[in-house]
Amino acid sequence: QVETLKTKILEQAQEICRLRSELDGTDTEKHRDLLADKNECLRQEVKVCEGELQGLRRQQQELCQDCAHFQENTRLQERLSQLQREVEETRAKLAELDLEVQQKTNRLAEVELRLKDSLAERAEEEERLSRRLRDSQETIASLKAQPQQIKYIIKTVEVESAKAKQALCESQSLNQYLQEQVGMQRQVLKEMEQQLQTSQKMAAQLRAQIMMYEAELERAHGQMLEEMQAMEEEKNRAIEEAFSRAQVEMKAVHENLAGEGWAHRVAQPVLRCRAASPSPCLMSAGVRTNLLTLQPALRTLTHDYNSLKCQVRDFPLLLQETLQSARAEISQAIEEVHSTNQELLRKYRRELQLRKKCHNELVRLKGNIRVFGRVRPIMKEDGEGPEAANAVTFDADDDAILHLLHKGKQVSFELDKVFPPQASQKEVFQEVQALVTSCIDGYNVCIFAYGQTGAGKTYTMEGTAANPGINQRALQLLFSEVRAKAVDWDYAISVSAVEIYNEALRDLLGKEPQEKLEIKLCPDGSGQLYVPGLTEFRVQSVEDINKVFEFGHVNRATECTNLNEHSSRSHALLIVTVRGLDRSTGLRTTGKLNLVDLAGSERVGRSGAEGSRLREAQHINKSLSALGDVIYALRSRQGHVPFRNSKLTYLLQDSLSGDSKTLMMVQVSPADKNTSETLCSLKFAERVRSVELGPVSRKAELASWPSQEQLESPGTTAPPGRGHASPSPGQLSGRAASIRRKLQTSG
Ligand code: ADP
Ligand code: MG
């Protein structure tokens, strides 16, 4: 029995071994159960065997204490206990395996769950992709339905000939000469202004003197009247006195006569008028002598009286004459001052005219389309670490050059001017103000802020309350210029504010800001465009402007849930119209200043935008490349300019064409994480700027502006096929220099 048990245990051990090896397989659970069952059976069998063994042992002890079987038995017992130990060990191992099986089962369930999830996700993704496929197929179908677009091939050929160099030198010296002339004219103007001021001062002095003379005259007249009065009084008093004296003397004579009975004839003419005439009588000798002495006194008195009377009669005449001559002198002096003033004014006007011409010439020489770059400072919002590292550097000797470190390579760009991060709003405006002033002279001006969201477009255009941007500074400058010219001109400044979102035009100052506006041709046949129903506010002070801006902001904010996001996906335009009337000649001028905060130029299409976000991105893409196309066509003097390709260019048509002036302010962020967007913006800038201004050639007409998509491919050089027209010398130098620089950097 022991032998058989032993072999059974061995078999079991082998079976366990086999099972153990099988346990790693797939049907582990079943095996585990099987093993457990078998194990249980074995356990019971072992128990039975043990019972039997004990019985046998007892028998053995009784029967053969000393036989060989006993020793054999002991040996077997030991072997048994060893086997039991082995069974114990196997059991422990089994338990371990059990645990392992349990863990594996759990893991399997998890994997199953995950598989299910990912299957569901895949189905969703498939659904989404098929939806997008459908959309794109629709778009393609609609695009196919549209008339065939022209295929644009652009080629750039750089030529630097001796002739061009000479022409460049000439035009540079002309430019220099013109600038000097402008300087001189300015000087002359300043002098004239000073002369005008001094003559005005002199006129004021003369006027004051005249007033003083008049006051003196008045005073003299009063004095004279007083004197006349006093003389009159004195005369009366003298007459009174003479009369009373005569009376006294008469009395004395009467008394004498009464005594002597003597009539006095001589005194008669004197006394005839005054005395109560007594009858002629005799006079004594004393009285006669008295009378004789009185006579000369009386004569002098009469003489005095007569001369005084004469003087009094002549005095007003004399006064009149003096007054007249003084008046004549004064009016002559006034006449002289007036004529010098008139002359000065005439000269001043001529100088102003000349200044306007020179100013315009200067702006034209600098180029009617100019491109500036402005780099904002690194900010907290850019984060920390290598992402926020500065990737933009400047040229110490040339303020038109900017270097960008992109993916370890340095790329250089040349614009008309580059503003570093530390440039203040005031400095930026100083470069722009010449454009703003030419709007007073009746020119149309556009200033655009271009760049990715967060690059500082709104900061440059609107600024902050403490540090306003171009919009407010331009209006302030317009006010002060208009005030300075108020002597001859009447000006009216009005503003409108509109927004273009998804190619729909909205009035930000209107009562119904959600209403879509249309752009129409003027019915007067002038070919001008206008927007029926667009609100225009007349502004006269900074307070008025602030009110208008605030109103526009409120209107913009109420129409959308997130103003920041919305404003980065729409174009905001502030349109300032300056209407002038020259009072002396009746000449009228109208100039328009368009200040445009463009939508963010970042590439949205690539990041898998859908629905409304995709539509917004398509509209922005379309309008920005339309703007590029229009500027390209204008700079290369093409016959057809595609204004109608977007609402923005259509609305600004008359402010972009003809004698108009355009400034593109390209905003960039210097942060390392933004370099690919920065590269796109700078490429856009350089392309706007580098269009050649030569005679129109067939090829130039066929070439066109690269789409936003083309712009987006970083690291590409200018596409071939553009610019067969011979480059203007000024252009050539910039282009050639920048190409040379690029070659150097890439070399
Ligand atoms: P955008 O209109 O292009 O989206 P913002 O004008 O709103 O960008 O500018 C983003 C942030 O950067 C704003 O907080 C703004 O104040 C700041 N910022 C932009 N440019 C400058 C600058 N030159 N100096 C200081 N801060 C600036
Ligand atoms: Mg903005």
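All values reported here derive from a predicted model rather than from experimental measurement. Excluded from the calculations below are hydrogen atoms, water molecules and symmetry mates; all remaining heavy atoms, backbone and side chain alike, are included. Just follow the structure's listing: the first ligand is 1, and inside any ligand the first atom is 1.
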Does K661 make a cation-pi contact with Y443, if we ask for NZ or CZ under 6.0 Å from the ring centre and within 45° of the axis? yes
Would you say the side-chain atoms of T460 and Q667 include a donor-acceptor pair closer than 3.5 Å? yes
Ring geometry between F537 and F551 (parallel below 30°, tilted from 30 to 60°, perpendicular above 60°): tilted
Which protein N or O atoms sit under 3.5 Å from any N or O of ligand 1? Give each pair with its distance.
{"residue": "ligand 1", "atom": "2 (O)", "partner": "T458", "partner atom": "N", "Å": "2.9"}
{"residue": "ligand 1", "atom": "2 (O)", "partner": "T458", "partner atom": "OG1", "Å": "2.6"}
{"residue": "ligand 1", "atom": "3 (O)", "partner": "G454", "partner atom": "N", "Å": "3.4"}
{"residue": "ligand 1", "atom": "3 (O)", "partner": "A455", "partner atom": "N", "Å": "3.3"}
{"residue": "ligand 1", "atom": "3 (O)", "partner": "G456", "partner atom": "N", "Å": "3.1"}
{"residue": "ligand 1", "atom": "3 (O)", "partner": "K457", "partner atom": "N", "Å": "2.9"}
{"residue": "ligand 1", "atom": "3 (O)", "partner": "K457", "partner atom": "NZ", "Å": "2.9"}
{"residue": "ligand 1", "atom": "4 (O)", "partner": "G454", "partner atom": "N", "Å": "2.6"}
{"residue": "ligand 1", "atom": "6 (O)", "partner": "T458", "partner atom": "N", "Å": "3.2"}
{"residue": "ligand 1", "atom": "6 (O)", "partner": "Y459", "partner atom": "N", "Å": "2.7"}
{"residue": "ligand 1", "atom": "8 (O)", "partner": "G456", "partner atom": "N", "Å": "3.0"}

Determine whether L404 and V668 satisfy the following criterion, side chain to side chain contact (heavy atoms under 4.5 Å, CB included), listing intermediate values before the conclusion. CA-CA 11 Å; L404 174 71; V668 297; over 6 Å; no
Distance alone, cut at 3.5 Å: any donor-acceptor contact between the side chains of T675 and T678? no
Would you check if T577 and I493 make a side-chain contact, meaning some heavy-atom pair closer than 4.5 Å? no
Can you see whether S623 engages H571 through a side-chain donor-acceptor pair at a distance of less than 3.5 angstrom? yes
Can you tell me if Q472 and N546 form a side-chain donor-acceptor pair at under 3.5 Å? yes
Report the protein N/O/S neighbours of the Mg ion (ligand 2) that fall below 2.8 Å; do not count waters. T458 OG1
Please say which of V436, L593, V432, V576 ends up in a side-chain contact (heavy atoms from CB on, under 4.5 Å) with V445. L593
